Number of protein chains: 2
Amino acid sequence: MFFSINPTNGLAIFDQIVRQVKFAVASGTLPPGEMVPSVRELAKELAVNPNTVVKAYRDLTAEGILEAVRGTGLNVTEDAVAHCEKERLTLLRERIRHVLEEAHSSRLETGEIRELVEDELTRLERAAKGKRGKKGADS
Amino acid sequence: MFFSINPTNGLAIFDQIVRQVKFAVASGTLPPGEMVPSVRELAKELAVNPNTVVKAYRDLTAEGILEAVRGTGLNVTEDAVAHCEKERLTLLRERIRHVLEEAHSSRLETGEIRELVEDELTRLERAAKGKRGKKGADS
DNA sequence: CGTAGTGTCCTATCGTGATAGAACAGTAAA
DNA sequence: TTTACTGTTCTATCACGATAGGACACTACG
């Protein structure tokens with residue numbers, strides 16, 4: 001499925017769901033008109049309390065990204081795409097900035113920070129390539 | 001003073017204090033034998049509850065980074081430097097990884113992520129340069 | 001001595017994120 | 001209609017971070 005929860009992320013579960021829905025809409029994985037997983041279904045899949053999913057969906061509905069069809073489910077609105085495309089970069093940029101600011105205030109040289117980032121970035125690339133290649137061999 | 005609190009950081013206040021003490025020790029800003037600000041003093045300076053500082057200092061003491069001199073204060077231990085130097089990169093790397101992982105799972109291209117990071121990194125460099133140059137002119 | 005500064009410990013309250021479990025109204029299909 | 005889904009709402013409980021305010025033992029200084 002599209003969503004997954006990372007407990008060590010630093011983000012609240014409901015917030016992770018909110019962001020992942022937005023990202024999925026922004027990337028076209030979740031097109032307008034498409035229905036999101038039902039509250040109980042997603043809660044079960046993520047091994048999370050239904051009320052946590054409810055909160056995430058309620059926030060997304062309040063932002064106009066999802067709309068309720070009573071008795072049927074929640075689907076992605078038409079305006080959602082533009083909204084989410086714009087917000088995706090903002091949300092990610094904000095988090096990136098916080099981390100880089102902490103690294104900088106720890107008196108690390110910019111070069112050392114860049115090295116750390118590049119290191120983790122290539123690690124990500126290798127992981128993605130490995131996944132596409134079907135073989136998940138890791139150290 | 002050395003420490004500052006960022007409310008939008010995503011980190012708990014006590015955790016920010018813990019990390020900043022470690023970073024200060026790692027960078028030599030806080031050498032062994034040096035005393036950290038008193039609980040009440042730091043709490044006042046950060047506009048934070050004394051108990052929050054207590055928790056941070058208690059954690060640092062439990063890790064052997066600070067040691068108490070009864071009736072006098074807390075000072076940095078001898079072993080702290082090596083400990084903190086090693087942990088600084090680990091702590092930062094971990095946070096960086098989480099952010100990059102979220103960016104990657106949002107289906108952003110590695111190149112786009114790299115661009116975002118580079119963007120914020122140069123922004124940091126410009127800010128630091130501006131500060132050193134005394135003039136804080138910003139757009 | 002007393003005073004002022006240390007760290008330490010304690011109880012209590014608050015907000016928030018998360019869990020648990022129940023109930024209700026609406027829709028779809030057999 | 002009945003059944004099985006939807007979202008929505010509600011109360012209760014818990015953990016955790018933070019706040020507030022008080023108390024105690026110790027040390028340094030005058």
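All of these numbers come straight from a predicted model, not from anything done at the bench.
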Interatomic distance, Leu11(B) atom CG to Ile17(B) atom CD1 [nearest 0.5 angstrom] | 11.5 Å
One should read off an interatomic distance between Leu108(B) CG and Leu89(A) CG, to the nearest 0.5 angstrom, of 6.0 Å
Counting only side-chain N and O atoms of [X], is one of them less than 4.0 Å from OP1 or OP2 of [N]?
{"X": "Thr52(A)", "N": "dT19(C)", "value": "yes"}
{"X": "Ser38(A)", "N": "dT6(D)", "value": "yes"}
{"X": "Lys55(B)", "N": "dA18(D)", "value": "no"}

Interatomic distance where [atom1] belongs to [X] and [atom2] belongs to [N] [whole Å]:
{"X": "Leu42(A)", "N": "dC5(D)", "atom1": "CG", "atom2": "C1'", "result": "16 Å"}
{"X": "Lys44(B)", "N": "dG5(C)", "atom1": "NZ", "atom2": "C1'", "result": "13 Å"}
{"X": "Asn9(A)", "N": "dG17(C)", "atom1": "CG", "atom2": "P", "result": "15 Å"}
{"X": "Leu66(A)", "N": "dG7(D)", "atom1": "CG", "atom2": "P", "result": "10 Å"}
{"X": "Arg58(B)", "N": "dT6(C)", "atom1": "CZ", "atom2": "P", "result": "19 Å"}
{"X": "Ile17(B)", "N": "dT19(D)", "atom1": "CD1", "atom2": "C1'", "result": "14 Å"}
{"X": "Asn75(B)", "N": "dG7(C)", "atom1": "CG", "atom2": "P", "result": "11 Å"}
{"X": "Met35(B)", "N": "dT6(C)", "atom1": "CE", "atom2": "P", "result": "9 Å"}

With heavy atoms under 4.0 Å as the rule, sort [X] into base, sugar-phosphate or nothing.
{"X": "Arg40(A)", "result": "base"}
{"X": "Tyr57(B)", "result": "nothing"}
{"X": "Asn51(A)", "result": "base"}
{"X": "Val48(B)", "result": "sugar-phosphate"}

Side-chain donor-acceptor pair under 3.5 Å between Thr8(B) and Asn6(B), yes or no?
-> yes
In terms of side-chain heavy atoms of Asn49(B), which of dT27(C), dT19(D), dG7(D) is nearest?
-> dT19(D)
Name the closest nucleotide to the Ala12(B) side chain, picking from dA18(C), dA28(C), dA18(D).
-> dA18(D)
Using a strict cut-off of less than 4.0 Å between a Lys/Arg side-chain nitrogen and an Asp/Glu carboxylate oxygen, indicate whether Glu118(A) and Arg114(B) qualify as a salt bridge.
-> yes
Which comes earlier along DNA chain D counting from the 5' end, the contact point of Gly71(B) or that of Leu11(B), where each point is its nearest nucleotide?
-> Leu11(B)
Under 3.5 Å, is there a donor-acceptor pair between the side chain of Arg97(B) and the main chain of Glu120(A)?
-> no
Along DNA chain C (nearest heavy atom to each residue), the more 5'-positioned of Thr61(B) and Arg70(A) = Thr61(B)
Please figure out whether Leu74(B) or Ile13(A) has its closest DNA chain C nucleotide nearer the 5' end.
-> Leu74(B)
